[in-house]
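We count ligands from 1, going down the list as the structure has it; atoms in each ligand are counted the same way. Each residue takes its place number in the sequence, starting with 1.
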Amino acid sequence: MIVAMDARFELRIADDPAALADIAAREIVEVARAAVAARGRFTVALAGGSTPRATYRRLAQPPLAAQMPWDRTLVFFGDERGVTPDHEQSNYGMAHAALLAHVPIPPHHVFRIAGESADPDAVAAGYARTLAEALGVRRGEVPRLDLILLGVGIDGHTASLFPGSPVLKETFRTVAAVHAAAASVPQRFTLTYPVLNAAACLIYIVSGAEKAKVVKAALADRNSGLPAAMVQPSDGRLLWILDRAAAASLPPRRAS
Ligand code: 6PG
């Protein structure tokens, strides 16, 4: 594993996708246990897409599953598609099948985005209320999650924050409904930058050669305009965990 530090982020490069999932799962356990030790609970927003599935499966297996404080964990979602929870494109569905169905987390500790509902703006406003109430923050206050997991698309999108989307400029709403014409499921719901950048810890989990170009661009220049590059916690950790294929275009770094 290669480890490198930059003023803005930490970087871990795993040998392959299996090692990536293992490193990411172990990091989640560490952040979870530290959060419970410090604040009595662990609040996390899960990433969607396909890459985190292996990490979720790893987290559901021994010994890591038993090391997680599931009874003190609250699970949210960084984004969701406009589909039912049993749909193959559902981020909740993926996380449930790979992780949540296999671990002793109380069902009322899992806060799904109702992507299937007819009124997208009502869904977003409803989830913003859910987030605020579950985290005990007052109206207008930005909820601070202990951990937000993220991925990146080859176009540089992260969560459902897509290049050129007006939601990139959102400064007040914590959750937004998004119409992403280019996406397989255009109707999306996403946490916005105020919430992402207020988190105590953000972890990118990125795999595959097709991501190498966008990873280089996102890490090289925070002003690149790429949505993933604009994730910069104001008072938190930012960790990118990549496999070698996704890191292939990065400048050579010291190995540890
Ligand atoms: C989503 C995700 C999205 C994802 C990237 C990468 O709902 O699609 O939240 O931001 O992280 O699209 O997806 P893959 O892991 O499938 O490459």
**Study point:** Mutual orientation of the aromatic rings belonging to F76 and Y127 [parallel < 30°, tilted 30-60°, perpendicular > 60°]
**Key:**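 Rings of F76 and Y127: perpendicular, over 60°.
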Interfacing atoms of ligand 1 (cut-off 4.0 Å, heavy-atom, [X]):
{"X": "V152", "result": "5 (C), 6 (C)"}
{"X": "R81", "result": "1 (C), 7 (O), 8 (O)"}
{"X": "S50", "result": "14 (P), 15 (O), 16 (O)"}
{"X": "R188", "result": "1 (C), 7 (O), 8 (O)"}
{"X": "N91", "result": "1 (C), 7 (O)"}
{"X": "G48", "result": "2 (C), 9 (O), 11 (O)"}
{"X": "A159", "result": "2 (C), 3 (C), 9 (O), 10 (O)"}

**Study point:** Shortest protein heavy-atom distance from atom 11 (O) of ligand 1, along with the residue and atom involved
**Key:** G151 CA, 3.4 Å
Check your understanding: Any N or O of S160 that comes nearer than 3.5 Å to an N or O of ligand 1?
Key ->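 Among all N and O atoms of S160, none is under 3.5 Å from an N or O of ligand 1.
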Point to revise | Polar proximity ligand 1 side, A47 side, N/O cut 3.5 Å exclusive | key: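 No: no nitrogen or oxygen of A47 is under 3.5 Å from one in ligand 1.
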Practice item. Mind checking whether D79 contacts ligand 1 via backbone (N, CA, C, O), side chain (CB onward), both or neither, at a 4.0 Å heavy-atom cut-off? Key: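 Looking at D79 and ligand 1, just side chain atoms fall under 4.0 Å.
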Point to revise | Full working for side-chain contact (heavy atoms from CB on, under 4.5 Å) between D146 and V44 | key: CA-CA 6 Å; D146 295 309; V44 57; over 6 Å; no
Point to revise | Nearest-option assignment for atom 13 (O) of ligand 1, heavy atoms, candidates S184, G49, G208 | key: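 Closest candidate by heavy-atom distance is G49.
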Point to revise | From CA spacing to verdict: salt bridge (Lys or Arg N to Asp or Glu O under 4.0 Å), R237, E27 | key: CA-CA 12 Å; R237 274 180 77 199; E27 192 65 39; 3.1 Å; yes
Check your understanding: When rounded to the nearest 0.5 angstrom, what distance separates CG in L100 from OH in Y92?
Key -> 6.5 Å
Practice item. Output the distance between atom CG (L191) and atom CG (L145), rounded to the nearest 0.5 Å. Key: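 Result: 7.0 Å between the selected atoms.
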Check your understanding: Is there a side-chain contact (heavy atoms from CB on, under 4.5 Å) between T174 and F172 once you walk through the steps?
Key -> CA-CA 6 Å; T174 57; F172 180 73; over 6 Å; no
Check your understanding: Nearest heavy-atom pair of P194 and R173: which atoms, and what distance?
Key -> CG-O, 4.3 Å
Review point. With a 4.0 Å cut-off, would you call D16 and R244 a salt bridge?
Key: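 Looking at R244 together with D16, the answer is no, because their closest N to O distance does not fall below 4.0 Å.
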